[in-house]
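Handing you a structure now.
What you see below is based on every heavy atom in this structure, not just the backbone, and it leaves out hydrogens, waters and symmetry mates. A note on names: the letters A, B, ... follow the listed sequences, proteins ahead of strands, and every chain is numbered from 1.
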Amino acid sequence: MNVRPDFSKNANQAETAPAFLSVWDMHSYYGESYIVQGISFNVHEGEILALLGRNGAGKTTTLRSIARLDNPQVSRGEIWLDHQPLHKMASHQAAAAGLGLVPEDRRIIPGLTVEENLELAQIAPPIGWSLDRLYELFPRLGERRKQEGVTLSGGEQQMLAIARALARDIKVLLLDEPYEGLAPVIVDEIEKTLRHIKEQGMTTIIVEQNAVRALQLADRAVILDTGSIVFDGSAAEVLENEQLRAEYLAI
Amino acid sequence: ASHGGYTNAPTGDTVTLGFNVPQTGPYAEEGLDELRAFELAVQHLNGEGDGGMLNTFSSKALNGAGILGKKVNFVTGDTQTKSDAARASAKSMIEKDGAIMISGGSSSGVAVAVQGLCQEAGIIFMAGLTHSNDTTGKDKKANGFRHFFNAYMSAAALAPVLNKLYGSDRRAYHLTADYTWGWTQQESIQAATEAMGWETVNNVLTPLASTDFSSYIAPVLNSGADVLVLNHYGGNMVNSLTNAVQFGLREKQVNGKNFEIVVPLYSELMAKGAGQNIKGIVGSQNWDWKLENQMGSRYIGTNAFVKSFGEKYGFPPSQAAQTCYAQTLLYADAVTRAGSFNPCAVAEALEGFEFDGLGNGPTLYRADDHQCFKDVLVVRGAENPGNEFELVEIVEATPVEQVTYAPDHPMFAGGALGTCNPGA
Amino acid sequence: MDAFLLQTLNGLDKGSAYALIALGLTLIFGTLGVVNFAHGALFMIGAFCSVTLQRILNLSYETVDPSKTDFLGNPLKVKTPYVESWFGPETGGAIIEWSVPLAIIFAIPVMLAIGFSMERGLIKHFYKRPHADQILVTFGLAIVLQEIIKYYYGANPIQTPAPEALSGVAQLAEGIVYPVWRIVYFFFAIAIIGAVFAFLQFTTFGMVVRAGMADRETVGLLGIDIDKRFTLMFGLAASVAGLAGVMYGPINAPNYHMGMDFLVLSFVVVVVGGMGSLPGAVLAGFLLGILESFASMKEVITLIPGINQIIIYLVAIVILLTRPRGLMGRKGVME
Amino acid sequence: MGILEVKDVGKRFGGLKALSDVNLSVRENTVHAIIGPNGAGKSTLLNCLVGKLIPDSGSVMFDGQSVLGRTPYEINQMGISRVFQTPEIFGDLTVMENMMIPCFAARDGSFRMHAIENMMNEKEMVEQAEQMLIDVNMIDKRGMHSAAMSRGDKRRLEMAMCLIQNPKLLLLDEPTAGMARADTNNTIDLLKQIKEERDITIAIIEHDMHVVFSLADRITVLAQGTPLVEDDPQNIKGHPKVREAYLGEAH
Amino acid sequence: MFGLDKKDTSLLALVAILTLAAPFILNPFPTNSGLAQFNAGYPDLMQRFVIFGIFAIGFNILFGLTGYLSFGHAAFLGIGSYSAVWMFKLLSMNIIPAIILSVLISGIFAVVIGYISLRRTGIYFSILTLAFAQMSFALAYSVLTPLTNGETGLQLTLEDPRVLGQSATADGSIPVTNLFGAEMRSSFDMVVGPWSFTFSVGYYVCAIAMLLAFYLAIRIFRSPFGMMLRAIKSNQTRMNYTGLNPKPYTLAAFVISGMYAGLAGGLLASMDPLAGAERMQWTASGEVVLMTILGGAGTLIGPVLGAGMIKYFENIFSKINDNVLHGWFSFMPDGLEDLVVTIIHPFVGKGWHLTLGIIFMLVVIFLPGGLVEGGQRIAKAFRGKKADDNKSASTEPAE
Ligand SMILES: Nc1ncnc2c1ncn2[C@@H]1O[C@H](COP(=O)(O)OP(=O)(O)OP(=O)(O)O)[C@@H](O)[C@H]1O
Ligand SMILES: Nc1ncnc2c1ncn2[C@@H]1O[C@H](COP(=O)(O)OP(=O)(O)OP(=O)(O)O)[C@@H](O)[C@H]1O
Ligand SMILES: CC(C)C[C@H](N)C(=O)O
Ligand SMILES: [Mg+2]
Ligand SMILES: [Mg+2]
């Protein structure tokens, strides 16, 4: 097992429990555009972290960097998940190490049915929720299991994307705007699910424009602005801090 | 460049010849053998090596000191067996390298196209491999000369042998490559064989790009034909013959006779490609390296050439090599005799020129159409090759009289030689 | 009637070749999304595997036979293949004679190795590049491979005959004979096609690769090492092409440009079959093979001159205009 | 009589009835919101209006003319513009070029060849486009390669492209999904302003109730392919069926 | 100038200078030096450079802008050539009517083929165009021989009517193609010391045609029409929902590029009055695709560079034989000389294809944008550090 360096002192918050996912001084580029400009933060096991910021702040870029996708390129920095150095891995290895990303544009695979999209997630171990259990959570998907995934309605696709992440046995769930395009009832539903899996020990990072909702769910919040962290603290703090909300979240 | 009243008149102490052969594509092997011969000829002209056929050539004008005292240089090009590319290559030899004579080619289409170009540019074209009647028929040009034989001659030489071997009561089925050469050869063979009593059952044109001929061969089985004539060359021929053998045509009995296959235009390079399948199959050739040994000293020059070539390259020359070698020597000789590189003077020296000692026996360069007349070989794939080079055995050397035709023969009608063009 | 039957057989046979080449091509082209202009070259290399094996088996030592002379009048050198001297002329001769079937065993590792190294070394970097770039690089590669073969083996065709037992003709019915090797080829093609289908149908491999082509990134996010599978797929396709080439040798003697001769046609076959559809490629291969055979019949040519030269393209146009995605194409693949 | 009249429209996908007996009348110069659970058929309905799908039954009249059987570009030329659920922009072009294309379409119709006129010499159009970019707060991105923008920005660009065409009817499919709160508010303002200044009708699909209730003059709730209720926003909010099927408890 | 902005004007000016001075630029080596082998400044090759440049520029209007990859463009080149040669046979040897007819006839064919092929997109479109071109080729090669003279190619003969000219000249030759009397074949040699430069009428006619074609291409690239074409490549759905009908735009681009090909074909025949069927074969269509990608698809100058490069290899490298090699390296000791020649041998002469294949691979691997990108990189390297310093400023996030 790899040993995780202790970054915790550098994160500007009081350390209580050892961090589960650590991002240390991460810099990311799209080609020549410098997007994420050296950010560090920690997430603890079983915690929900809200990653907030305006359009173009670099939230998606941060999640993609953590998930080790080819683009953006992480030029410097370290990412550790449960003692494993993610920054040395390719995306499929990061996934095997326990990372699950629900990408912002859902990325339902064309040409595959709903069920195949889910089966695909269960080809490489470790396997998480069973299909039956997923269909229970999202009955609409069960009804449409033979339909081609990309012909689902926007909201249904979002459900499929989340279900697909849960179909794998993951340790950290990265959600990029999971509520987008979902009917309020469904948002409630998903929120419930997130709380539920949190109780079972899931660690989550959620990026969401609906900041209030996200903050109500989250334990902690990190606010990004032009690729740097401008706030790292408890979710409640943001909800209380008028100025912060106005300046970075416009709420 | 224009000095001396004709295109590319050599000014320095060298003269440049252009050898334009297929170096890529399906005829590359022929092209390379032609190049070898050209190189050898140039060496001999410049007095290097053993002199090859210079020693046996009936004209003694050449002395190994180049042409008219100028050292012979050469440039080479790739025709890619495409008229377009061949013309481009020839043009560059003329425009860039100042070539004063172009030789080579291995497809009649290409030869005709390049011959046309040379006519326009005022350059002598000494055709290499081209067998279509049209080259010295409807497409003949005053600046163009062909040493190689043609389809008519093949037919004239083959017909009596076929008659002797297979009888006069035969039904022939033709497969023909769908282009000039195929057409004229088919026409010639059909005419010659019908004249001796054969019947032509069918003639099917096959696309040049075909690789699998099975769908053309299969109908032969039940057509009632007992002879298959393959008017194919190169890869086409290797494949169609292979296919025909696969379909059991050679073991077949029709009308109480053995089924026979004829490949009117033969070459040892093709024979090599066709391997076992070629055994016993009859065709015609312009020349063969065993000619002098087997048919006597009428074909003097053959051994001298085989020796020079064989020692340099390690294997005997093909007919392609021989014809290109001969053409180069003939050109040099004509220049020397004319005392000028002027194409019109050269043409005059070549027209009606009678010579011997270049391996084909006594030969005439006929003035009317610039076609050489000489004996034609009827050959057959060797049943038991004595060695890896003896793939072809000579059946007969058909005397020149038998293959000579009148200049106005209908198969060659249609074009005019025109007047010689010195260019510039 | 016989003529019809014969042409159908011929068509099936031509179709087998088209289908096999198209099958390999569509694995790369329709599944990995790479326009592989070097596929023909892989077919050609397969054929040259058997040429090479034949050469290896024919490796000989020379003895001088003073009683005979060579073409220059020197004493003749006689060659005896080592295999014959090791195993005796009987067995040795048989081994040489069976070189084409033996070449299958020889070709599989060779083609896999070529396929793997080609994918790892070159193609891998081109998945995300535009098709145009893929065309340029694979075309360049095809030329290079072809020229290398030409350099070593010359431009002329080289015969790779079938073993005696499998050549000759078989009597199929009264008055209907057909070359044995072509029948062998047909069944060989069917077997390969069946094996590939089974592999892709009864494993998740096919689905994963298809998904990977549609969206590599997401498949990676699901923990799947798609690169490895792509490499394997490429090796598989190269082997299919290579085996098609090995077995094709006895039908037409291999030469260095046989791949280019088939290349354009196999693209047509794949597209007519429909992008991304394996059954489509096979179906189109057989269909075009049969149509081409019938179009070469004298009766047909007389009716429509030149039809034999254009039939494939004509049919391709008609099919593509009436069925937007070819016979069985999937939506969104290379549209 | 509304500017858009949808009568008895039905649409099936295989065995699935995506729309049945949809009747809808959108009055001129109003904002008509269509809401409903995921998969209710909202996007499908929009697709039927713009020629992307052809309904199995029923009729769609716009401005007194039927749109059925017309191609998408013809329908657009009639005055209907649409913003998609996932942004459809010209990714290879710059933001400014993206804006110019609808300008030319408005000027030249569906096809006209200006092969030797210089695009950027069309002063008037360029100015118009720039003004629009200012309105949507994107002028600083005018030269940017549009594929490289964050998704919120793509959304805004697409909307700007639709607005500059001066459509009579603007169809918006979740225009603010994924947009930061601040920009969402800007968008609301922009739409309001446009509605006031121009002769425009807007049909909007949205799951963000804040947007819906700020803008809509009239709301149709679609559920399982049929309109559940159509009413004023006030009444919808309190409608029990709507709450149950769609809004959930929070609203 | 000419309605172009500054950058385009200087590009056009640069290209104009390069083409007009080509006889100098392409003959940098003294005639007698060993390197003269690399001189490309003889009329035929210079003509080919610009003619295939025209072909590639036209192809790029379709492919570079709309992304529709036609695999049958050589058909239009062939049709253009046949039309021109027929004009020489029937009308007169003046190239103007011949070229006009080439452009028109290829245009007509392009309308028909384009109209049908453009009903499909992507690979399906490519295969449709390929099929049409292969059919044209096969027919020209065989069945249509009365029109095309099959494999040999359509040639002029002394018996052609040439109603507005003469069938044969006084001395019994076929007359030469000309532009109102100026013969395409005539040229003038300028000898400067050991150098020799050839100025050919034919070349300058082609060069001017190329400059016009290039200028038109720039205008198209910068026009609303050009932008529409790029929009089609980018997103046809959005195009449709913006009220634009992509079909006529793509068809127009197809026809324009077909006419460019026709022009190239007509010029080819004007320079050398022979039209061979091979110029319609798929390999010829493939060649223009390769030229365009090699140079840089979608760029203005790229296709011209690509065309030049391929034609250079075809004509110069194929002519380097062992003899020439020995000539170059004769200064070396014998053993070394042979070794060097043996090493180079596979890559030149009959091996020129091998070199070309390797170049294709190297360019596309290391210069994803084609030769143009190579040029840009060199330019950047020259501008040096300065650009690097600016980089950090420009890489800040956009917001
Ligand atoms: N593929 C790309 N190439 C270049 N730049 C990109 C690319 N994707 C995003 N960017 C730039 O990176 C910056 C951050 O983008 P990112 O998608 O991370 O923002 P975000 O915080 O997720 O915004 P949003 O809320 O709009 O999704 C933006 O300025 C964007 O323009
Ligand atoms: N091409 C198709 N084939 C099969 N089913 C389809 C197709 N397109 C849509 N559907 C189904 O039709 C239903 C309506 O889809 P639609 O996209 O209109 O929903 P929506 O109301 O826009 O939902 P959302 O708010 O989630 O975007 C969905 O259940 C969807 O799965
Ligand atoms: C090479 C030649 C002897 C035969 C060739 N096919 C021709 O056209 O003439
Ligand atoms: Mg984002
Ligand atoms: Mg929707």
**Fill in**
In short, C:Val169 meets B:Gly248 closest at the heavy-atom pair CG1-N, 3.6 Å

**Asked** Where the side chain of B:Glu29 meets the backbone of C:Ala155, is there a donor-acceptor pair that is under 3.5 Å apart?
**Response** yes

**Prompt:** Judged by atom type as modelled, is there a donor-acceptor pair below 3.5 Å linking the side chain of B:Gln246 to the main-chain atoms of C:Tyr178?
**Reply:** no

**Item:** Option in B:Gly310, B:Ser240, B:Ala209 with maximal non-hydrogen atom pairs under 4.5 Å from chain C
**Value:** B:Gly310

**Item:** Atom NZ of B:Lys272: over 12 foreign heavy atoms under 6.0 Å
**Value:** no

**Request:** Begin from the C-alpha positions of C:Glu292 and B:Ser215 and carry the test side chain to side chain contact (heavy atoms under 4.5 Å, CB included) through to its verdict.
**Result:** CA-CA 8 Å; C:Glu292 198 189 5; B:Ser215 42; 5.9 Å; no

**Shortest non-hydrogen separation from B:Ala218 to C:Leu6 and the atoms involved** = O-CD1, 3.8 Å

**Request:** Would you confirm whether C:Lys14, through its side chain, and B:Ser214, through its main-chain N or O, come within 3.5 Å as a donor-acceptor pair?
**Result:** no

**Item:** Neighbour count above 12 (heavy atom, 6.0 Å) for C:Glu62 CD
**Value:** yes

**Asked** Is it the backbone or the side chain of B:Asn293 that comes under 4.5 Å from a heavy atom of chain C, or both, or neither?
**Response** neither

**Message:** Is any side-chain heavy atom of C:Ile176 closer than 4.5 Å to one of B:Leu221?
**Reply:** no

**Message:** With a 4.5 angstrom heavy-atom cut-off, is it the side chain or the backbone of C:Gln309 that approaches chain B, or both, or neither?
**Reply:** both

**Request:** Show the numbers, then the answer: is there a side chain to side chain contact (heavy atoms under 4.5 Å, CB included) between B:Tyr216 and C:Asn308?
**Result:** CA-CA 10 Å; B:Tyr216 299 102; C:Asn308 52 337; 3.0 Å; yes

**Prompt:** Considering only heavy atoms, which portion of B:Glu311 lies under 4.5 Å from any heavy atom of chain C: side chain, backbone, both, or neither?
**Reply:** both

**Asked** Considering only heavy atoms, which portion of B:Asn277 lies under 4.5 Å from any heavy atom of chain C: side chain, backbone, both, or neither?
**Response** side chain

**Prompt:** Would you say B:Lys307 has more than 12 foreign heavy atoms packed within less than 6.0 Å of its NZ?
**Reply:** no

**Request:** Let me know if C:Asp261 has heavy atoms under 4.5 Å from chain B in its side chain, its backbone, both or neither.
**Result:** side chain

**Closest heavy-atom pair and its distance - B:Asp212, C:Tyr248** = CB-OH, 3.7 Å

**Message:** Measuring only between side-chain heavy atoms, which start at C-beta, is B:Thr211 closer than 4.5 Å to C:Phe262?
**Reply:** yes

**Asked** More than 12 foreign heavy atoms under 6.0 Å from CD of B:Gln276: is that the case here?
**Response** no

**Complete:** Residue from C:Ile251, C:Val177, C:Asn255 scoring the most non-hydrogen pairs under 4.5 Å with chain B is C:Ile251

**Asked** Does any heavy atom of chain B fall under 4.5 Å from the side chain of C:Ser167, the backbone, both, or neither of them?
**Response** neither

**Complete:** Whatever's closer than 4.5 Å to a heavy atom in chain C on B:Asn239 counts as both

**Fill in**
Highest number of heavy-atom pairs under 4.5 Å with chain B among C:Pro305, C:Ser296, C:Pro157 belongs to C:Ser296

**Request:** Give, as side chain, backbone, both or neither, the part of B:Phe247 having an atom under 4.5 angstrom from any heavy atom of chain C.
**Result:** both

**Prompt:** Taking the side chain from B:Asn202 and the backbone from C:Lys298, do they hold a donor-acceptor pair closer than 3.5 Å?
**Reply:** no

**Asked** By a 4.5 Å heavy-atom criterion (distance strictly below it), what part of C:Ile301 contacts chain B: side chain, backbone, both, or neither?
**Response** side chain

**Item:** Proximity breakdown for C:Pro250 and chain B, heavy-atom pairs closer than 4.5 Å
**Value:** backbone

**Message:** Using a 4.5 angstrom heavy-atom cutoff, name the option from B:Gly234, B:Ser210, B:Ala274, B:Pro219 with the most pairs to chain C.
**Reply:** B:Ala274

**Message:** Working to the nearest 0.5 angstrom, can you tell me the gap between C:Asn156 CG and B:Met270 CE?
**Reply:** 9.5 Å

**Item:** C:Lys150 and B:Thr24, any side-chain heavy atoms less than 4.5 Å apart
**Value:** yes

**Complete:** With chain C, the option among B:Thr242, B:Leu32, B:Leu205 that has the most non-hydrogen atom pairs under 4.5 Å is B:Thr242

